[in-house]
Participant: 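My questions will all concern the structure given below.
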Number of protein chains: 2
Amino acid sequence: MKIGQLAQETGVSVRSLRYYEQQGLISPLRQANGYRDYSPLTVHTVDTIKLYLNLGLSTEQIAGFLTCVLRNKEAFCTEILPIYERKLTEIEAQIQQLNQIRGNLLDRIAAVQSERAEEDTNKE
Amino acid sequence: MKIGQLAQETGVSVRSLRYYEQQGLISPLRQANGYRDYSPLTVHTVDTIKLYLNLGLSTEQIAGFLTCVLRNKEAFCTEILPIYERKLTEIEAQIQQLNQIRGNLLDRIAAVQSERAEEDTNKE
DNA sequence: CTTGACTCTGACATTGATGTCAGCCTTTAT
DNA sequence: ATAAAGGCTGACATCAATGTCAGAGTCAAG
């Protein structure tokens, strides 16, 4: 199939499909006219790529285990668990940092509101 | 004072001080030789900028209320509360998204581990 | 007068997946 | 045959604060 059809079936833009290829995630054949020629199985591959991108993994990380995952169950691919765990640690650090900021924002909002309430009291 | 000294006193790089100026956050005078000439009060201004940057606000947002905040109490600056609240909403959305990813990662890690345990059982 | 430490401006790099455009070729439908 | 639709490559833009470099001017101490 051609790239436009694959894009339509996967919901991924033509631009992104070409990018995934550049990152080594998919390797379509070429027709005589130079057009990319995708196997129908590529739909599943792209769905898998989407899944890992949604977990926050980079195309580079995905490239590291995609071939294995497409052939086996995840549990068989030893590379993947460390990646998951590293990502989890990273995500949790980000959450903590955002929670810190959130707390600071709440404090400041409360401070502004109480100062205003005080001013209002003085005026009354 | 010159830019190097201000950088040292505030812990902000020379590069960033010039950037803040470009964004309209600080407007130093110029000496006859073209060197920036900062008032000692600018140390406080830069500390204030750092504070808001740490809350995740952009220089553009900070520019919108910095003058007011430097002259008055925050509560007096009506622009600031909506910005805080918008930022809070944004931060909370990000936290939620990260928590979603975190949950998915935990699920997949657990799945891999249980599949492996099963394989080990079969082998024994 | 020279050297080193500062300063100035302007510009490019960073990060990563995606959007978008230009210029050109191919296919399909009219 | 022509025009529209789609494909190809290559390139720049995005977002934002900061790092870093180049080339040039300034100042202070020796």
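Note that the structure is predicted; figures quoted are calculated from it, not measured.
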Participant: Counting just side-chain N and O atoms, does B:Arg30 come under 4.0 Å of either OP1 or OP2 of D:dT26?
Facilitator: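 Checking B:Arg30 against D:dT26: no side-chain N or O falls below 4.0 Å of OP1 or OP2.
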Participant: Taking side chain as C-beta onward, heavy atoms only, is B:Val12 less than 4.5 Å from B:Tyr20?
Facilitator: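 Side chain of B:Val12 against side chain of B:Tyr20, heavy atoms only: contact under 4.5 Å found.
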Participant: Rounded to whole Å, please give me the gap between CD in A:Gln23 and C1' in C:dG16.
Facilitator: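 A:Gln23 atom CD is separated from C:dG16 atom C1' by 9 Å.
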Participant: Is a side-chain donor-acceptor pair under 3.5 Å present for A:Thr48 with A:Thr45?
Facilitator: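 No, because no side-chain N or O of A:Thr45 sits under 3.5 Å from a partner of the opposite role on A:Thr48.
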Participant: Measure CZ/B:Arg15 against P/C:dA13 and give the value in whole Å, please.
Facilitator: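 Rounded to the whole Å, the gap is 14 Å.
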Participant: State, to 0.1 Å, how close A:Ile101 and B:Leu55 come at their nearest heavy-atom pair, and which atoms those are.
Facilitator: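 Heavy atoms of A:Ile101 and B:Leu55 come nearest at CG2-O, 3.5 Å.
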Participant: Send over the distance from A:Lys87 NZ to C:dG16 P, rounded to a whole Å.
Facilitator: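 In whole Å, C:dG16 P and A:Lys87 NZ are 10 Å from each other.
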Participant: Are B:Tyr19 and D:dA17 close enough that a side-chain N or O sits under 4.0 Å from OP1 or OP2?
Facilitator: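 True: B:Tyr19 side-chain N/O within range (under 4.0 Å) of D:dA17 OP1/OP2.
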Participant: For A:Leu17 and D:dT9, what is the distance between atoms CG and P respectively, to the nearest whole Å?
Facilitator: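 So the two atoms are 13 Å apart, to the nearest Å.
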Participant: If you measure from the Lys or Arg side-chain nitrogens to the Asp or Glu carboxylate oxygens, is any gap between B:Glu21 and B:Arg18 under 4.0 Å?
Facilitator: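 No, B:Glu21 and B:Arg18 are not salt-bridged.
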Participant: Which comes earlier along DNA chain D counting from the 5' end, the contact point of A:Tyr38 or that of B:Glu60, where each point is its nearest nucleotide?
Facilitator: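 Closest to the 5' end, via its nearest nucleotide, is A:Tyr38.
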Participant: Hey, is the side chain of A:Ser16 poking within less than 4.0 Å of OP1 or OP2 on C:dT18, counting only N and O atoms?
Facilitator: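 It does, given that an N or O in the side chain of A:Ser16 lies less than 4.0 Å from OP1 or OP2 of C:dT18.
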Participant: Side chain of B:Asn33, heavy atoms from C-beta onward: which of D:dA16, C:dT26, D:dT26 has the nearest atom to it?
Facilitator: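 Side chain of B:Asn33 sits closest to D:dT26.
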Participant: Test for a donor-acceptor pair under 3.5 Å between the base of D:dG6 and the side chain of A:Tyr35, counting only N and O atoms.
Facilitator: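 Yes, a donor-acceptor pair under 3.5 Å.
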Participant: For B:Arg36 and C:dT7, is the shortest distance between a side-chain N/O and OP1 or OP2 below 4.0 Å?
Facilitator: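 No, because none of the side-chain N or O atoms of B:Arg36 sits under 4.0 Å from OP1 or OP2 of C:dT7.
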Participant: Pick the closest DNA chain D nucleotide for A:Gly4 and for B:Tyr20 by heavy atoms, then say which residue is nearer the 5' end.
Facilitator: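 Going by which nucleotide is closer to the 5' end, it is A:Gly4.
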Participant: Below 30° counts as parallel, above 60° as perpendicular, anything between as tilted: where do the rings of A:Tyr84 and A:Tyr52 land?
Facilitator: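 It falls in the tilted class, 30° to 60°.
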Participant: Determine the contact category for A:Arg18: base if any of its heavy atoms lies under 4.0 Å from a base atom, sugar-phosphate if only primed atoms, P, OP1 or OP2 are that close, otherwise nothing.
Facilitator: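 A:Arg18: base contact, heavy atoms under 4.0 Å.
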Participant: Would you say a side-chain N or O of A:Ser13 is under 4.0 Å from OP1 or OP2 of C:dT18?
Facilitator: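 No, A:Ser13 has no side-chain N/O under 4.0 Å of OP1/OP2 on C:dT18.
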